[in-house]
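Report on the structure given below.
Nothing fancy with the numbering, it's 1 onward along the sequence.
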Amino acid sequence: MPSAEPRISVIIPTCDRHERVALCLSHLARQQRAPDQVVLVDNGLEPVAVPPGVECLRAPARCGASQARNLGAAVAAHPWLAFLDDDDHWSDNYLADLAREIIQQPQATLHLCPLRVEGPQPLDKRFQVGRDERVLLYRNPGVVGSNLAVHRDTFLSLGGFDARLPAAEDRALGWRFVAQGQGVQVSDRRRAHLNHHEGERLSHWRSRLRGNWRFYRAHRSVMSWREQGKAMAVMALCLWQDRGWRR
């Protein structure tokens, strides 16, 4: 079991949400264990103000969160990547417990934790190892851009986030880890908070519909008929939704 303290780069994509990313960074500054590196990947039209200690990488304007995350991963200086969206935040013990988990579970290359979707009706989600692997093929059981930490070399070898997907890119990455037999570990000690707000999220229903359809077309050859039917039901639900903030 490795004894060295793991070094963690935090990757935050942002796009013209200056107030949101400022709040995100203020939450990050409260971590019990400071990140070893913070890379803010700005793909907005107007450059964002960056506080001391945060590295800013300017990406092509409106390139999308997936490509922004991949660019951040490419320049990250450390072996572990913790992704955080600019409108979300973590529990204050998130990085401290993640570091302990990495040491205690050396076989795992993907570390997850439960989600709390904040809003008028809060929703909790948790990926369950041994049950939810194939659920990834038709819906998201709790793998998003703010609750996953990955080993950088493995992430890059699997191609990172699929920039062709306007949504469902997170569960597509989760599926690749599962399909390749990578170790997945879930901790209940820390939590990612997905914040409901009036601005548009990646999970807006139109983006979800397009992303789910492209995901389906790319993976239907490995899906059972039942799984394909469930995927169609998820897409049908998107057509009836007028809000997309739930993941």
Salt bridge between [X] and [Y], side-chain N to carboxylate O under 4.0 Å?
X: Arg30; Y: Asp92; result: no
X: Arg20; Y: Asp86; result: no
X: Asp16; Y: Arg62; result: yes
X: Asp97; Y: Arg189; result: yes
X: Glu169; Y: Arg164; result: no
X: Glu227; Y: Arg220; result: no

>> List the residues meeting salt bridge (Lys or Arg N to Asp or Glu O under 4.0 Å) with Arg214, not counting sequence neighbours, and say none if there are none.
In response: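 Arg214: no salt bridge (Lys or Arg N to Asp or Glu O under 4.0 Å) contacts found.
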Validation row: [X], [Y] side chains within 4.5 angstrom (heavy atoms):
X: Cys24; Y: His89; value: no
X: Val150; Y: Phe177; value: yes
X: Arg139; Y: Arg171; value: no

> Any side-chain donor-acceptor pair under 3.5 Å between Tyr138 and Gln228?
Replying inline: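 Their side chains do not contain a donor-acceptor pair, so the 3.5 Å distance test is not met.
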> Is the Phe83 ring parallel, tilted or perpendicular to the Phe155 ring (thresholds 30°, 60°)?
Replying inline: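 Correct class here is tilted.
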>> Distance check, rounded to the nearest 0.5 Å: Arg191 atom CZ versus Trp90 atom CH2?
In response: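 Atom-to-atom, Arg191:CZ and Trp90:CH2 are 16.0 Å apart.
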> Between Leu25 and Pro51, which heavy-atom pair has the shortest distance, and what is it?
Replying inline: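 It is CD1-CD, 3.8 Å.
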>> Which residue in the set Leu110, Asp132, Leu148 passes side chain to side chain contact (heavy atoms under 4.5 Å, CB included) when paired with Val184?
In response: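 Result for side chain to side chain contact (heavy atoms under 4.5 Å, CB included) with Val184: Leu110.
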